[in-house]
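Okay, so here's the structure we're looking at.
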Amino acid sequence: MRFIWILILSFIVLRIAYRVYGNYLARLFKLDDKNVTPARRLKDGVDYEPAGKGIVLGHHFASIAGAGPIIGPVIAVAFGWVPAVLWILAGGIFLGAVHDFASLIASLRHDGKSIGEVIRKYMGWQGKRLFLLFSLATLILIIAVFGDIIARTFISNPEVASISGLFILLALVFGQVRRKIGQHPSKGVAWSTMILAIIAVYAVIIFGGGMPVQWSYTVWLVVLMLYVGIASVTPVSVLLQPRDYLSSFLLYGLILFAVAGIFISDPKAAPEHAVAWHDDDLGYLFPVLFITVACGAISGFHALVAGGTTSKQVEKETDVKMIGYGGMLIESFLAIIAVASVAVFSPEDYRDQLSTGSPVSVFAHGLGTMIANLGVPEARAVDFIALTVSAFALTTMDTCTRLARFVVQELFEKQNPEIPKGNHIMQNRYVATATVIFASVVLLASGQFEKLWPIFGSANQMLAALTLLALSVWMIREKINYRIVFWPMIFMYLVSLTSLVFFGIKNLGEGDYVLAAMSLVLIFLALVLGYQAKKVLNNN
């Protein structure tokens, strides 16, 4: 089948979903700009800082995307491109985008706090602590693994390091420009600023590639940890907002080049690569497909972003439709492109590609050959794709550090705000950030993160299930139609628990009792929170 039609149909389906289901959600949650958002009501110039929806969408999209919607779909094509495409579209529209939209609006209506605050309000402090500890462990794992990936990328591709450094400097300059022109410049100024920003972004790529920086792995790791530590405590308007806004143009550019390349090259999806119910390395399609493709369909990490940094920047409630629902659908479209980049390979070629390179390199090679049909040298096209993915990996890493800092601060909040006690030292943003970075470095130094990575997919999807569980309780109490999150929650619980059971049995058989115990702990946590939610609902 020609992949052009898959791409066109996917775009139409996602566009209709945004218009129809997005509008339905906006009415269901009664989005109203008369409601003052936390960014405006609690503005502090550090974390709470209102911004226009274009800026916040850039941050949100850059933070939730990372390398996830590329790596997951590329691996999932082992089960065939048909199941991957169907899960991305159905999951993105009815699970992932709803999960992100509802998480964002719930956070807005709870002072910009995380889903943990929703759990505390309706399920008690114990439930909140369990959820936050689960979230913190996931975030520390992401910081450690992405730190390792980026450090190794900088070693093998020193030009990526120089471009990343110039990118950060450009973001600082752009942040200053934004503060000079204000949050609501005239249309002419806004458009001219955006055009100049796009030109600057691609100029950095061109000139930065000629100034490679070559340092050792240890030095890069120290530099990265210092950077994410500073980024975590720096006011969002100085670095986070402008950096993510500029980074989003990289991914938008990647999508445009990819679509144009697919149209010109007119690739055909390999018919023998359409459906496979089992893969020798991954296992059975259920539940592995739904764990492997997280970003692009549904990801629990998105709720941490929505309720961590994004909700503290939303200026108007009506912006939530574009940021929460629209941002997820853009990511779904990117995941479809990732499928297209490898669906053209035969099963044998696909396995050979993965055996000799990472999913990112396979994606870059497959898509690079298509973009080369536009007249761009294939080597430059492959470099551009790899650079874009690396830039978003760095974005994910520093966003996770800030999110982990929020989680630590929430963990040590006073249970009763009425009691006049001093704040706990762990609520200090510098101490909280240092604690998170220390834990990530310890994990890296132990060398265990490679063994822990396989459990991350299950943990991430369980986080989505727990978020949907908390949203179900909140919506029932608020008398909002909870079924739109309840049935996705049931499905994600089933997927995650099944995966964790299989994972635990496998590691138990291989004698890896630590990972088997971790699976058991995650299962226990999920069941305890589910039982607490059931008790709350039975009492109401």
Side-chain angles (χ1 to χ4, degrees), residues 64 68-69 71-80 82-100 102-103 115 131 134-135 137-138 141 275-279 281-304 328 331-332 335 339 452-472 482-507 515-516 518-531 533-534:
I64 65 173
I71 294 175
V74 167
I75 295 174
V77 171
F79 296 110
V82 172
V85 168
L86 292 178
W87 166 233
I88 289 167
L89 291 177
I93 293 168
F94 297 108
L95 281 77
V98 175
H99 167 276
D100 294 9
S103 297
I115 294 299
F131 179 83
F134 189 97
S135 302
T138 304
L141 175 62
V275 180
W277 302 104
H278 179 268
D279 180 79
D281 295 324
L282 299 177
Y284 289 96
L285 185 146
F286 182 89
V288 178
L289 172 67
F290 308 98
I291 295 298
T292 304
V293 181
C295 293
I298 179 172
S299 169
F301 169 66
H302 292 193
L304 301 182
M328 180 65 216
E331 186 181 89
S332 295
V339 172
L452 293 172
W453 181 252
I455 205 173
F456 169 69
S458 298
N460 183 52
Q461 298 304 65
M462 181 59 76
L463 190 60
L466 296 176
T467 299
L468 291 167
L469 172 67
L471 292 171
S472 297
Y482 67 95
R483 292 176 182 83
I484 62 165
V485 295
F486 179 79
W487 293 115
M489 179 266 291
I490 295 296
F491 178 73
M492 294 312 298
Y493 249 96
L494 179 63
V495 165
S496 303
L497 287 174
T498 304
S499 178
L500 286 169
V501 168
F502 286 171
F503 188 81
I505 293 173
K506 177 185 175 184
N507 283 283
L515 292 182
M518 285 185 65
S519 300
L520 183 62
V521 169
L522 292 175
I523 292 170
F524 175 75
L525 171 62
L527 294 177
V528 167
L529 285 173
Y531 177 71
K534 185 174 182 295

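The two residues Leu500 and Ser458 come nearest to each other via the heavy atoms CD2-CB, 3.6 Å. The heavy-atom pair separating Ala76 from Val293 by the smallest distance is CB-CG2, 3.3 Å. When every heavy atom of Pro83 is checked against every heavy atom of Val275, the shortest pair comes out as CD-CG2, 4.1 Å. Scanning all heavy atoms of the two residues, the minimum distance from Leu468 to Met489 falls at CB-CB, 3.5 Å. Nearest heavy-atom pair across Ser135 and Leu463 is OG-CD1, 3.6 Å. For the pair Val495 and Pro287, the tightest heavy-atom approach, listed with the atom from each and the gap, is O-CB, 3.8 Å.
For the atom pair Ile93 CD1 and Ser332 OG, the distance stands at 7.5 Å (nearest 0.5 Å). Atom OG of Ser472 sits about 8.0 Å away from atom CD1 of Ile490, to the nearest 0.5 Å. Between the CD atom in Gln461 and the OG1 atom in Thr467 there is a gap of 10.5 Å [rounded to 0.5 Å]. Here the straight-line distance linking atom CD of Glu331 with atom CD1 of Ile64 works out to 4.5 Å at 0.5 Å rounding. If you take CG on Leu529 and CZ on Phe134, they are separated by 9.0 Å, rounding to the nearest 0.5 Å. For the atom pair OH (Tyr284) and OG1 (Thr498), the distance works out to 14.5 Å, reported to the nearest 0.5 Å.
By the ring pair (Phe, Tyr, Trp, His ring centres under 6.0 Å) test, Phe286 pairs with Phe290, sequence neighbours left out. Every residue two or more places apart in sequence or in another chain that forms a side-chain hydrogen bond (donor to acceptor under 3.5 Å, both in side chains) with Ser299 is listed here: Asn460.
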Assess the residue pair Phe131 and Leu466 against the criterion (side chain to side chain contact (heavy atoms under 4.5 Å, CB included)); give the C-alpha distance rounded to whole Å, side-chain angles, the decisive distance to 0.1 Å, and a yes or no. CA-CA 8 Å; Phe131 179 83; Leu466 296 176; 4.0 Å; yes

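Taking 4.5 Å as the limit, some side-chain heavy atom of Leu471 sits within range of a side-chain heavy atom of Ser103. In this structure, the side chains of Ile298 and Phe94 stay at 4.5 Å or more apart for every pair of heavy atoms.
Without hydrogens or angle criteria, Tyr493 side chain to Ala526 main chain gives a donor-acceptor distance under 3.5 Å. The backbone N or O of Met462 lies less than 3.5 Å from a partner atom in the side chain of Ser496, making a donor-acceptor pair.
Pairs passing the side chain to side chain donor-acceptor pair (under 3.5 Å) check and including a residue from residues 91-100, sequence neighbours excluded, read Asp100-His302.
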